[in-house]
**Student:** 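Okay, here's the structure, questions in a sec.
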Amino acid sequence: NWSQQWKRLDGPVHRGILGQPAAYGSADGRIDLFVRGADDSAYQRTFRNGRWGSWNRLGGNITDAPTVAFTSPDDWTMFARGAFGLVWTRKANVGWSTIGSPDLHPIYGRPSAVVDANGVHVAVRARDDSAWLYSNGTWSPLGGVISGSPTLLATSGRIYMFARAS
């Protein structure tokens, strides 16, 4: 059911967030919300048992909105563009590290991530506006010329990428 009532959540720092949020729902009605705060840190907020909890600071120094490959509330992997334009990652209970970027050059925009039976996959827009995919520890070019951040979808045993073409 669609609710016609808006709930103001405010941001974690100075009531603000930067970029778009990432949200995931679980079968029990739980919602996990991930954002970039006004201080460039990542934050998570959870809705359960009919109410929103407080913001949980996940740290990091991210330069665009996060994306999350979400399996369950205790099993997720966050990705975001961070220092030097590289892709940085963290898990629910593990701190930040980097998976780099294609040829270690800065990426543009927000990465997109999904998880399927073969693991976690991350798509980015590279500095030459081409699309790249990170899977199983390797960056692979997908070709094409895109002018915005890609979006990944994993369904029916396949992975789809959507992006605005140039």
**Student:** How would you list, by chain and number, every residue that makes a ring pair (Phe, Tyr, Trp, His ring centres under 6.0 Å) with Tyr134, sequence neighbours excluded?
**Tutor:** Trp139
**Student:** Answer with yes or no whether the hydrophobic clustering places Leu104 together with Phe84; edges join I, L, V, M, F, W, Y residues whose side-chain heavy atoms lie under 4.5 Å apart.
**Tutor:** yes
**Student:** Quick check for you: to the nearest 0.5 Å, what is the distance between Thr151 atom OG1 and Met161 atom CE?
**Tutor:** 9.0 Å
**Student:** Please examine the side chains of Thr89 and Ser97, heavy atoms only from C-beta on, and report whether any two atoms are closer than 4.5 Å.
**Tutor:** yes
**Student:** Check for me, please, whether Val13 and Ile17 land in the same ILVMFWY cluster - side-chain distances under 4.5 Å, paths through other members count.
**Tutor:** yes
**Student:** Ala22 and Pro66: which non-hydrogen atoms are nearest, and at how many Å?
**Tutor:** CB-O, 3.9 Å
**Student:** Let's go through Ser41 and Arg57 carefully: what are the C-alpha distance in whole Å and the side-chain angles of both, what is the deciding distance for side-chain hydrogen bond (donor to acceptor under 3.5 Å, both in side chains) to 0.1 Å, and is it a yes or a no?
**Tutor:** CA-CA 7 Å; Ser41 289; Arg57 185 176 187 276; 2.7 Å; yes
**Student:** Mind running side-chain contact (heavy atoms from CB on, under 4.5 Å) on Ile107 and Val87 for me, showing each step along the way?
**Tutor:** CA-CA 8 Å; Ile107 65 161; Val87 179; 3.7 Å; yes
**Student:** Using ring pair (Phe, Tyr, Trp, His ring centres under 6.0 Å) as the criterion, list what pairs up with Phe79, not counting sequence neighbours.
**Tutor:** none
**Student:** Below 4.5 Å, heavy atoms only, C-beta onward: do Tyr108 and Ser149 meet side chain to side chain?
**Tutor:** no
**Student:** Does atom CZ (Arg164) have a neighbourhood of more than 12 heavy atoms from anything else shown, all under 6.0 Å?
**Tutor:** no
**Student:** Does the side chain of Val115 reach to within under 4.5 Å of the side chain of Thr77, using non-hydrogen atoms?
**Tutor:** no
**Student:** Given the rule that I, L, V, M, F, W and Y join up when any side-chain heavy atoms are under 4.5 Å apart, are Leu142 and Tyr160 in one cluster?
**Tutor:** no
**Student:** Atom CD1 of Ile159 and atom CG of Leu153: how far apart are they, to the nearest 0.5 Å?
**Tutor:** 9.5 Å
**Student:** Please round to the nearest 0.5 Å and tell me the distance separating atom CZ of Arg110 and atom CG of Asp64.
**Tutor:** 8.0 Å
**Student:** Above 12 or not: heavy atoms from other molecules or residues under 6.0 Å from CG of Asp28?
**Tutor:** yes
**Student:** In Å and rounded to the nearest 0.5 Å, what is the CG to NE2 distance from Asn136 to His121?
**Tutor:** 7.0 Å
**Student:** For residues Ser26 and Phe70, report the shortest heavy-atom separation together with the two atoms involved.
**Tutor:** OG-CE2, 4.1 Å
**Student:** side-chain contact (heavy atoms from CB on, under 4.5 Å) between Asp103 and Trp132: does it pass, once the steps are laid out?
**Tutor:** CA-CA 11 Å; Asp103 298 324; Trp132 285 70; 4.3 Å; yes
**Student:** Quick one: does any side-chain atom of Arg81 pair with a main-chain N or O of Thr63 as donor and acceptor, under 3.5 Å?
**Tutor:** yes
**Student:** How long is the span from the CG atom in Leu86 to the OG atom in Ser101, to the nearest 0.5 Å?
**Tutor:** 4.5 Å
**Student:** Does the gap between the ring centers of Trp76 and Tyr24 come in under 6.0 Å?
**Tutor:** no
**Student:** Tell me whether Arg90 contacts the main-chain N or O of Leu58 through its side chain, where contact means a donor paired with an acceptor under 3.5 Å.
**Tutor:** yes
**Student:** Parallel, tilted or perpendicular: which describes the rings of Trp55 and Tyr43, with under 30° parallel and over 60° perpendicular?
**Tutor:** perpendicular
**Student:** Of the non-hydrogen atoms in Arg45 and Leu9, which two are nearest, and what is the gap between them?
**Tutor:** NH1-O, 2.6 Å
**Student:** With rounding to the nearest 0.5 Å, note down the distance linking CG in Leu33 to CG in Asn56.
**Tutor:** 12.0 Å
**Student:** With a 4.5 Å limit on heavy-atom distance, are the side chains of Val35 and Pro12 in contact?
**Tutor:** yes
**Student:** Would you indicate whether the side-chain heavy atoms of Thr46 and Pro73 approach each other to under 4.5 Å?
**Tutor:** no
**Student:** Does one hydrophobic cluster hold both Ile62 and Met78, with members joined at side-chain heavy-atom distances below 4.5 Å?
**Tutor:** yes
**Student:** For Asp74 and Ser72: C-alpha separation, side-chain torsions, deciding distance, then whether side-chain hydrogen bond (donor to acceptor under 3.5 Å, both in side chains) applies.
**Tutor:** CA-CA 5 Å; Asp74 297 319; Ser72 75; 5.3 Å; no
**Student:** Provide the closest heavy-atom pair for Ala163 versus Pro150 in the form atom of the first, atom of the second, distance.
**Tutor:** CB-CA, 4.1 Å
**Student:** Verify the cluster assignment for Val120 and Val124: are they in a single hydrophobic cluster under the rule of side-chain heavy atoms below 4.5 Å apart?
**Tutor:** yes
